[in-house]
Amino acid sequence: MSDETSDAYWAVRSTVGLHDAGHVGCLRVSGEAAFDALDGECAADLYLNDGRMRHTLMLSEDATPFADVYVCRDDEDFFVLVEGPPVRAVAQRLVGRAARLGRPIHVEDLRESHVVWQVDGPFAWELVGELVQAEVANLSYASFMHTEDGVCFRAGKTGEYGYILLVAASRAQATWAFLKEAGARFGLVETGIDTLDLCALENGFFSMRHARPEGATPVELQQQWRVSYRKEFTGAVALARRLEEGPARRSTAVSSAVETRRGDLVRSGKRVIGEVYAAGFSPGRRCWVASAQIDTPYAHPGVTQYVVDAGTGAAPIRTHSLPLLHNRSLSVDPRIHVFAHRAEIPLPPLVPGGVR
């Protein structure tokens, strides 16, 4: 990990990180068929109050992930934040579903008129509050608010306070300059997508950018909290069948003192019991962290007898419960804390029990 990447990591973990979120698409879905089209293409129940968001998945017919989405109810319309496929592919599925329903729908790509940025970190709320001139600290997770220049979504996958900002393109230059200038007082660092993905990996968040085991569904990926078995949606039949069969493997968090890479095999004795599919070096834990698909009988946290076939030979690993560290935002209370007096905030060890 380069010094620049390490600086970005520590900004997300201790101050504020700012990211030009080109990986996030944003659609506005409206029309008579808006809800039913989304409900038929998204795996979770979408009964939402105005201003609330639901983190879910769109699946392919074989129940493998197609898109990672937030569905956000805005009166009778919806914002849809998309990661994974091009937004036009998501729009095509929604339009196709509406056509089969025989009812009108309008899908607008807001990236044509807006930019999308992310602000993450224990003090992200304080910086974003200065931008929107509102009590952002009172904005609960999985909710959003309209602002003078766009929309502020309380989301994020780093384990810290996180906000996705949808900003009108006409205001983008001025808004970015404000964030940079004001953010300097908070130790702001511009981050890259690799940093966000590493922080998400430390917290067990699924990423469409991580290579996934062939045929893995939410059952194997430990993402069933993002689906409902009470409704019909694309991929529901295949997903229910996989659940009934039971997963042969499931995602498990591991750590290692030596470099661990995608494709490394996990062994118990001489038996191959799994394979790493996402990995990175964690400055917080001072070791390598990874997600591996491990045979279900072996997929338990707290095991120290397994090894991974790393580049330097077999290396001991440890399996873990998630998250892999104590996110600082759990100890920062916007009602009583501010960045200027952060040294007075009592913080537990970043990694309880040591770095491994």
Original post:
Is it true that Phe206 and Leu322 fall in one hydrophobic cluster, defined by side-chain heavy atoms closer than 4.5 Å?
Top reply: no

Original post:
Rounded to the nearest 0.5 Å, how far does CD1 of Ile294 lie from CZ of Arg249?
Top reply: 8.5 Å

**OP:** Show your reasoning for whether side-chain contact (heavy atoms from CB on, under 4.5 Å) applies to Val289 and Leu198.
**Re:** CA-CA 9 Å; Val289 297; Leu198 172 60; 4.1 Å; yes

**OP:** State whether Arg88 and Asp109 are salt-bridged, where the test is any N-O pair (Lys NZ or Arg NE/NH1/NH2 against Asp/Glu carboxylate O) under 4.0 Å.
**Re:** no

Original post:
Do you know which two heavy atoms are closest between Met53 and Ala155, and how far apart they sit?
Top reply: CE-CB, 4.0 Å

Original post:
Counting heavy atoms not belonging to Gln173, are there more than 12 under 6.0 Å from its CD?
Top reply: no

Subject >> ring pair (Phe, Tyr, Trp, His ring centres under 6.0 Å) partners of His55, counting only residues at least two apart >> reply: Tyr70, Trp225

**OP:** Drop me the distance from Arg328's CZ to Thr158's OG1, to the nearest 0.5 angstrom.
**Re:** 13.5 Å

**OP:** Please examine the side chains of Ser255 and His320, heavy atoms only from C-beta on, and report whether any two atoms are closer than 4.5 Å.
**Re:** yes

Original post:
For Trp10, does its backbone N or O pair with a side-chain atom of Ser14 as donor and acceptor, under 3.5 Å?
Top reply: yes

**OP:** Return yes if some donor-acceptor pair links the side-chain N/O of Tyr306 with the main-chain N/O of Tyr298 below 3.5 Å, else return no.
**Re:** yes

Original post:
Would you call the rings of Phe144 and His146 parallel, tilted or perpendicular if under 30° counts as parallel and over 60° as perpendicular?
Top reply: perpendicular

Original post:
Between Tyr161 and Pro334, which heavy-atom pair has the shortest distance, and what is it?
Top reply: OH-CD, 3.2 Å

**OP:** Would you mind reporting whether Trp176 and Leu18 have side-chain heavy atoms less than 4.5 Å apart?
**Re:** yes

**OP:** Nearest 0.5 Å please: distance from the CG atom of Leu57 over to the CZ atom of Arg226.
**Re:** 4.0 Å

**OP:** Please report the C-alpha distance between Gln224 and Tyr229 in whole Å, then the side-chain angles of each, then the deciding distance to 0.1 Å, and finally whether the side chain to side chain donor-acceptor pair (under 3.5 Å) criterion is met.
**Re:** CA-CA 9 Å; Gln224 291 188 80; Tyr229 291 97; 2.7 Å; yes

Original post:
Do Leu27 and Val69 sit in the same hydrophobic cluster, where Ile, Leu, Val, Met, Phe, Trp and Tyr count as joined when their side-chain heavy atoms come under 4.5 Å apart?
Top reply: yes

Subject >> Derivation and outcome, side-chain contact (heavy atoms from CB on, under 4.5 Å), residues Leu165 and Leu179 >> reply: CA-CA 11 Å; Leu165 302 176; Leu179 287 170; 4.2 Å; yes

Original post:
Under a 4.5 Å side-chain heavy-atom rule over Ile, Leu, Val, Met, Phe, Trp and Tyr, are Leu46 and Val107 clustered together?
Top reply: yes

**OP:** Examine Leu347 and Trp125 and state if one hydrophobic cluster contains both, with Ile, Leu, Val, Met, Phe, Trp and Tyr joined whenever side-chain heavy atoms are less than 4.5 Å apart.
**Re:** yes

**OP:** Heavy atoms only: give me the nearest Gly183-Leu127 pair and the separation to one decimal.
**Re:** N-CD1, 3.7 Å

Original post:
Would you call Arg97 and Leu94 a side-chain contact if the rule is heavy atoms closer than 4.5 Å?
Top reply: no

Subject >> Ser228 side chain vs Arg230 backbone, donor-acceptor pair below 3.5 Å >> reply: yes

**OP:** Give a yes or no on whether Glu232 atom CD has more than 12 heavy-atom contacts from other residues, nucleotides or ligands under 6.0 Å away.
**Re:** no

Original post:
Applying the side chain to side chain contact (heavy atoms under 4.5 Å, CB included) test to Gln118, which of Ile164, Thr191, Val12 qualifies?
Top reply: Ile164

Original post:
Under 3.5 Å, side chain of Thr147 to main-chain N/O of Met145, donor-acceptor pair present?
Top reply: no

Original post:
Can you say whether the rings of Phe35 and Tyr47 are parallel (under 30°), tilted (30 to 60°) or perpendicular (over 60°)?
Top reply: tilted

Original post:
Are the side chain of Asp333 and the backbone of Arg335 linked by a donor-acceptor contact shorter than 3.5 Å?
Top reply: yes

Subject >> Reported CZ-to-OG1 distance for the pair Arg262 and Thr260, which is rounded to 0.5 angstrom >> reply: 14.0 Å

Original post:
With a 4.0 Å cut-off, would you call Arg13 and Glu160 a salt bridge?
Top reply: yes

Original post:
Between the side chains of Ser251 and Tyr277, is a donor N or O closer than 3.5 angstrom to an acceptor N or O?
Top reply: yes

Subject >> Cationic N near anionic O, under 4.0 Å, Glu41 to Arg100 >> reply: yes

Original post:
Would you say Gln133's side chain and Glu130's backbone share a donor-acceptor pair under 3.5 angstrom?
Top reply: yes

Original post:
Just wondering, do Phe233 and Leu239 contact through their side chains at under 4.5 Å, heavy atoms?
Top reply: yes

Subject >> Donor-acceptor contact present, side-chain Asp50 to main-chain Asp75, <3.5 Å >> reply: yes

Original post:
Quick one: does Thr296's side chain have a donor or acceptor within less than 3.5 Å of a partner on Pro247's backbone?
Top reply: yes

Original post:
Is there a donor-acceptor pair under 3.5 Å between the side chain of Asp295 and the backbone N or O of Pro297?
Top reply: no

Subject >> Heavy-atom side-chain proximity of Glu220 to Arg242 below 4.5 angstrom >> reply: yes

Subject >> Stepwise side-chain contact (heavy atoms from CB on, under 4.5 Å) check, Leu59 with Thr234 >> reply: CA-CA 6 Å; Leu59 304 179; Thr234 299; 5.7 Å; no

**OP:** For the pair Arg54 (side chain) and Ala44 (backbone), establish whether a donor and an acceptor sit closer than 3.5 Å, ignoring hydrogens and angles.
**Re:** no

Original post:
Stepwise, does the side-chain contact (heavy atoms from CB on, under 4.5 Å) test hold for Trp117 with His19?
Top reply: CA-CA 6 Å; Trp117 300 324; His19 179 65; over 6 Å; no

Scan the side chains in residues 76-87 for donor-acceptor partners under 3.5 Å anywhere in the protein, sequence neighbours excluded, and list what turns up.
from: Glu76; atom 1: OE1; to: Arg73; atom 2: NH2; distance (Å): 3.4
from: Asp77; atom 1: OD2; to: Arg28; atom 2: NH2; distance (Å): 3.2
from: Glu83; atom 1: OE1; to: Arg209; atom 2: NH1; distance (Å): 2.8
from: Glu83; atom 1: OE1; to: Arg209; atom 2: NH2; distance (Å): 3.0
from: Glu83; atom 1: OE2; to: Lys157; atom 2: NZ; distance (Å): 2.8

**OP:** Write down the atom of Asp120, the atom of Gly156, and the distance for their closest heavy-atom approach.
**Re:** OD1-CA, 4.2 Å

Original post:
How many angstroms lie between atom CG of Leu101 and atom CG of Asp36, to the nearest 0.5 angstrom?
Top reply: 6.0 Å

**OP:** Please report the closest heavy-atom contact between Val71 and Leu38, naming both atoms and the distance.
**Re:** CG1-CD1, 4.2 Å

**OP:** Would you tell me whether Asn327 and Ser329 have side-chain atoms, one donor and one acceptor, within less than 3.5 Å of each other?
**Re:** no

Subject >> pair Leu201-His210: side-chain heavy atoms closer than 4.5 Å >> reply: yes

Original post:
Is it true that the side chains of Ser331 and His326 contain a donor and an acceptor less than 3.5 Å apart?
Top reply: yes

**OP:** Using the rule that two of Ile, Leu, Val, Met, Phe, Trp, Tyr join whenever any of their side-chain heavy atoms come within less than 4.5 Å, decide whether Val307 and Ile273 are in one cluster.
**Re:** no

**OP:** Report yes if some heavy atom in the side chain of Leu188 is under 4.5 Å from a heavy atom in the side chain of Thr15; otherwise report no.
**Re:** no

Original post:
Got Arg52 and Ser143 here, is their nearest side-chain heavy-atom distance under 4.5 Å?
Top reply: yes

Original post:
Does Phe66 have Arg93 sitting over its ring (NZ/CZ under 6.0 Å from centre, angle to axis within 45°)?
Top reply: yes

**OP:** State which residues pass ring pair (Phe, Tyr, Trp, His ring centres under 6.0 Å) with Phe339; sequence neighbours excluded, sorted by chain then number.
**Re:** Phe123, Phe186

**OP:** Could you tell me the separation between the CD1 atom of Ile105 and the OG atom of Ser30, rounded to the nearest 0.5 Å?
**Re:** 8.0 Å

**OP:** Quick one: closest heavy-atom pair of Ala63 and Pro218, and the distance?
**Re:** O-CD, 3.2 Å

